[in-house]
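By convention in this document, chain letters (A, B, ...) are assigned in the order of the sequence lines, proteins followed by strands, and residues within each chain are numbered from 1. Predicted model, so just to flag it, every value in this text is computed and none were measured. Heavy-atom basis, side chains included; hydrogens, waters and symmetry copies ignored.
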2 protein chains.
Amino acid sequence: MATIYEVSKLAGVSLATVSRVINNNTPVREATRVKVLEAMDKLGYHPNSIAQSLASSRSNSIGIVVSELNGPFFGTLLSDIETAFRRAGKHVIIAAGHSDERLEKESIAFLKSRNCDALILHVEAVSDDYLRQLNESGTPFVILNRFVESLSDRCVTLNNQHGGYLATQHLLRNGHRKIGYISGPMWKNDAEQRYLGHLRALAEYGIESKSSLFYEGDFHELGGVKGVAALLHADADITAIVCANDEMAAGAVTTAREQGLRLPDDLSIVGFDNVNFSHYMYPKLTTIDYPIGGMGVMAARWVLKHIYHQKLDNIQTVFEPRVIERDSVHSI
Amino acid sequence: MATIYEVSKLAGVSLATVSRVINNNTPVREATRVKVLEAMDKLGYHPNSIAQSLASSRSNSIGIVVSELNGPFFGTLLSDIETAFRRAGKHVIIAAGHSDERLEKESIAFLKSRNCDALILHVEAVSDDYLRQLNESGTPFVILNRFVESLSDRCVTLNNQHGGYLATQHLLRNGHRKIGYISGPMWKNDAEQRYLGHLRALAEYGIESKSSLFYEGDFHELGGVKGVAALLHADADITAIVCANDEMAAGAVTTAREQGLRLPDDLSIVGFDNVNFSHYMYPKLTTIDYPIGGMGVMAARWVLKHIYHQKLDNIQTVFEPRVIERDSVHSI
DNA sequence: GCTATACATGAAAGCGCTTACATAATATTA
DNA sequence: TAATATTATGTAAGCGCTTTCATGTATAGC
């Protein structure tokens with residue numbers, strides 16, 4: 001691999017000049033620039049990014065922590081973030097936190113040790129205090145899908161409560177009154193918010209919430225499976241269920257059908273997230289759209305703007321969900 | 001951030017000694033080691049990985065190229081690869097090739113410029129010759145899901161042909177004789193192989209293939225949608241269809257149902273890949289298991305063994321598919 | 001007790017860049 | 001044309017480590 005030194009020799013200029021044409025940050029006479037570019041070309045020279053990083057204390061890498069690497073939700077997120085950074089010549093280093101406090105901290109430590117210029121965090125298990133502390137520690141970061149007091153300018157969030165509200169409102173508008181709710185783990189902020197939205201919609205229609213209509217699931221298929229079983233067992237004349245995410249909705253659909261119910265005629269279901277498989281389901285799932293890709297891109301823009309000083313504006317921090325009407329809700 | 005120099009001063013030893021205890025590659029007297037460790041601890045020292053890389057010409061990073069970052073297939077792959085490397089203190093840099101020759105080459109160039117110690121490539125559009133040439137260029141790599149002559153020791157592949165064979169054989173054994181085939185793009189090696197397997201199974205049962213029973217799709221939902229329409233139009237008494245991947249199967253299922261067919265009674269369908277949403281489908285999809293996660297891990301092990309000289313054995317390069325029986329095949 | 005051997009540590013060069021700062025070349029003005 | 005302002009280029013000091021080679025110290029052998 002050719003080095004900058006060889007280029008400088010071949011072009012008959014100094015190291016510094018070559019560096020200047022590489023970085024294009026200091027004026028260089030056109031004739032000189034051409035000489036250098038030709039030399040680089042002839043030698044097939046590519047700057048060594050490690051050496052660049054060491055000298056400039058910029059790694060041009062951004063660390064991402066997500067809960068899981070697989071799963072439709074994070075796939076979309078990562079894909080859009082990667083595209084945004086790649087375009088800017090940056091690269092991402094990805095780590096999985098698995099919604100576990102120890103693993104999330106470990107992931108963050110790992111990324112910091114890799115000298116990331118910034119982090120984008122989708123973490124669920126670490127405390128707000130930990131994040132505030134992290135903020136003091138030097139490495140800048142953006143938080144996805146979570147609002148932390150005093151770090152609000154670096155939080156890119158979905159209005160989860162409104163999403164929960166919309167899901168239930170949609171059912172209400174379609175005439176349902178006995179509505180079950182399968183929640184995510186209530187210690188997760190988004191799960192709590194979505195449920196709160198559900199309650200608000202109920203309240204607006206003057207319906208009181210009953211504990212027999214609530215089931216706390218796990219955001220995974222199994223939660224939907226168990227949730228439907230429990231809900232139907234407790235109250236057989238439920239006409240609709242809102243599931244706090246699409247994975248649970250998938251489990252719910254399967255189980256409800258196995259129990260002999262026709263969907264959506266006997267039971268309407270609405271999901272949350274609008275992950276890519278939700279329209280492979282039968283019936284196609286009515287759900288709440290979570291613009292996760294757009295939110296990832298916005299996090300990337302925040303980094304590009306604040307860390308790499310690109311002149312970007314329109315940094316949006318709160319995103320709004322909306323109903324995606326498909327076939328899993330029956331009007332009564 | 002504390003540097004190695006400060007640690008050495010606090011511990012009262014030289015830089016070199018600190019480096020030795022960090023890397024644990026040269027004997028250091030126990031008492032000295034303890035002193036150094038204590039100093040590191042007191043300063044909250046973490047080695048600067050960039051400087052380590054520059055000095056040792058090892059970046060401890062592995063580049064991965066996959067076709068897409070989203071999608072169930074690659075999610076599983078990436079997740080398992082990341083876990084394997086993370087455990088070894090390495091990190092992965094991920095780029096998407098989008099099955100496009102230019103983008104694939106660009107991704108590879110990008111990763112090489114990032115000084116990756118090795119690459120794991122799931123590329124479809126670049127030629128075998130390009131890969132052979134790349135092999136000369138210095139950066140070692142492993143190829144996933146593709147067999148390249150003369151690079152065979154670095155190819156981790158699925159026996160795609162056998163998979164195609166199994167899919168069709170399964171249908172044949174269940175009494176089907178009129179079997180449609182929705183293929184992936186035939187220029188992709190795996191698509192071709194799967195189809196060859198299909199033909200072999202047919203031949204074993206003395207059935208001749210008819211062009212009206214073949215449709216070349218795109219490996220995406222749309223291919224399944226159009227494929228079913230075309231196949232059913234050309235030959236209404238087809239009783240079963242094999243789809244060369246699960247995404248197309250999802251499209252096929254939806255479309256068949258929209259055309260009024262009952263599944264699996266009127267039409268049996270088998271997929272390929274066994275991606276995670278295949279059992280959210282209705283009916284739950286019978287498919288061919290593609291052990292993609294295991295293959296990713298094996299690629300990681302190859303790198304760990306050959307590049308980082310871990311003593312590992314059992315590097316398996318050819319994986320075997322198997323039938324996952326679920327509910328989308330009807331016996332006649 | 002003295003030399004030979006193994007083992008532990010230190011000194012210093014260098015990995016390939018960036019970037020103050022100094023200097024040289026050129027343009028501007030009086 | 002000389003003095004001054006501008007712009008282009010060079011010099012050299014790091015960035016924080018690893019690693020070779022040299023040196024020093026403890027142990028063994030005689």
Side-chain angles (χ1 to χ4, degrees), chain A residues 1-40 43-61 89 112-117 138-139 308-309, chain B residues 1-40 43-61 89 112-117 138-139 308-309:
Chain A
M1 213 57 178
T3 71
I4 196 174
Y5 173 71
E6 300 168 42
V7 174
S8 76
K9 249 189 4 191
L10 181 58
V13 299
S14 74
L15 289 189
T17 302
V18 178
S19 175
R20 286 177 187 118
V21 353
I22 292 171
N23 294 293
N24 200 31
N25 52 8
T26 310
V28 170
R29 192 150 48 91
E30 192 51 29
T32 315
R33 173 192 310 283
V34 170
K35 270 194 308 189
V36 171
L37 289 174
E38 280 172 352
M40 294 193 338
L43 293 170
Y45 169 81
H46 286 282
N48 178 322
S49 62
I50 302 279
Q52 287 182 310
S53 294
L54 185 59
S56 64
S57 51
R58 270 291 184 67
S59 66
N60 289 312
S61 66
K112 285 179 67 176
S113 85
R114 267 13 248 210
N115 296 74
C116 291
D117 296 332
T139 311
Y308 298 114
H309 306 111
Chain B
M1 214 55 181
T3 73
I4 197 173
Y5 173 71
E6 300 169 43
V7 174
S8 76
K9 249 190 2 193
L10 181 58
V13 299
S14 73
L15 289 188
T17 301
V18 178
S19 175
R20 285 177 187 118
V21 354
I22 292 171
N23 293 292
N24 201 30
N25 52 8
T26 309
V28 170
R29 193 150 49 91
E30 191 51 30
T32 315
R33 171 191 313 282
V34 170
K35 269 194 309 190
V36 171
L37 289 174
E38 280 171 353
M40 294 193 339
L43 293 170
Y45 169 80
H46 286 283
N48 178 322
S49 63
I50 302 278
Q52 286 182 311
S53 294
L54 184 59
S56 63
S57 51
R58 270 291 185 66
S59 67
N60 287 313
S61 66
K112 284 179 68 176
S113 84
R114 272 5 253 212
N115 296 75
C116 291
D117 296 331
T139 310
Y308 298 113
H309 307 111

- Message: With a strict under 4.0 Å distance from non-hydrogen atoms of chain A, what nucleotide opens and what nucleotide closes the contacted stretch of DNA chain D, reading 5' to 3'?
- Response: dA8(D) to dG16(D)

- With the side chain of A16(A) defined as its heavy atoms from C-beta on, choose the nearest nucleotide among dC17(C), dT19(C), dA11(C). dT19(C)

- Task: Determine the minimum heavy-atom distance between I50(B) and N48(B), stating which atoms define it.
- Result: N-OD1, 2.8 Å

- In terms of the nearest nucleotide of DNA chain C, which residue is placed more toward the 5' end: S19(A) or A55(B)? A55(B)

- Let me know, please, whether R20(A) or R29(A) comes out on the 5' side of the other along DNA chain C by nearest nucleotide. R20(A)

- Round to a whole Å and report the spacing from CD1 of I50(A) to P of dT18(C). 13 Å

- So, S56(B) side chain and Q52(B) main chain: donor-acceptor pair closer than 3.5 Å or not? yes

- Query: Heavy atoms under 4.0 Å, any strand shown: does T3(A) hit a base, just sugar-phosphate, or nothing?
  - Reply: sugar-phosphate

- NZ/NE/NH1/NH2 to OD/OE distance under 4.0 Å, K9(A) and E6(A): no

- Message: Once you apply a heavy-atom cut-off of 4.0 Å, does T32(B) come out as touching a base, just sugar-phosphate, or nothing?
- Response: sugar-phosphate

- Query: In whole angstroms, how far is the P atom of dA8(C) from the CZ atom of R33(B)?
  - Reply: 10 Å

- Query: Does a nitrogen or oxygen in the side chain of Y5(B) sit under 4.0 Å from OP1 or OP2 of dA12(C)?
  - Reply: no

- Message: Taking the nucleotide of DNA chain D with the nearest heavy atom to each, does T26(A) or N23(B) sit closer to the 5' end?
- Response: T26(A)

- Would you call E38(A)-K35(A) a salt bridge at under 4.0 Å N-O? no

- Message: If we ignore hydrogens and angles and just use 3.5 Å, is the side chain of S59(B) paired with the main-chain N or O of N115(B) as donor and acceptor?
- Response: yes

- Check every strand shown and say whether V13(A) touches a base, only sugar-phosphate, or nothing at a heavy-atom separation below 4.0 Å. sugar-phosphate

- Donor-acceptor contact present, side-chain S49(B) to main-chain S113(A), <3.5 Å: yes

- Message: Without decimals, in angstroms, what is the distance between I4(B) CD1 and dA11(C) C1'?
- Response: 14 Å

- Send over the distance from L54(A) CG to dG14(C) C1', rounded to a whole Å. 12 Å

- Item | Distance-minimising heavy-atom pair for Y45(B) and I22(B) | OH-CD1, 3.6 Å

- Message: Mind checking if S57(B) touches a base, just sugar-phosphate, or nothing, with heavy atoms under 4.0 Å?
- Response: nothing

- Separation of dA11(C) C1' from K9(B) NZ (nearest whole Å): 17 Å

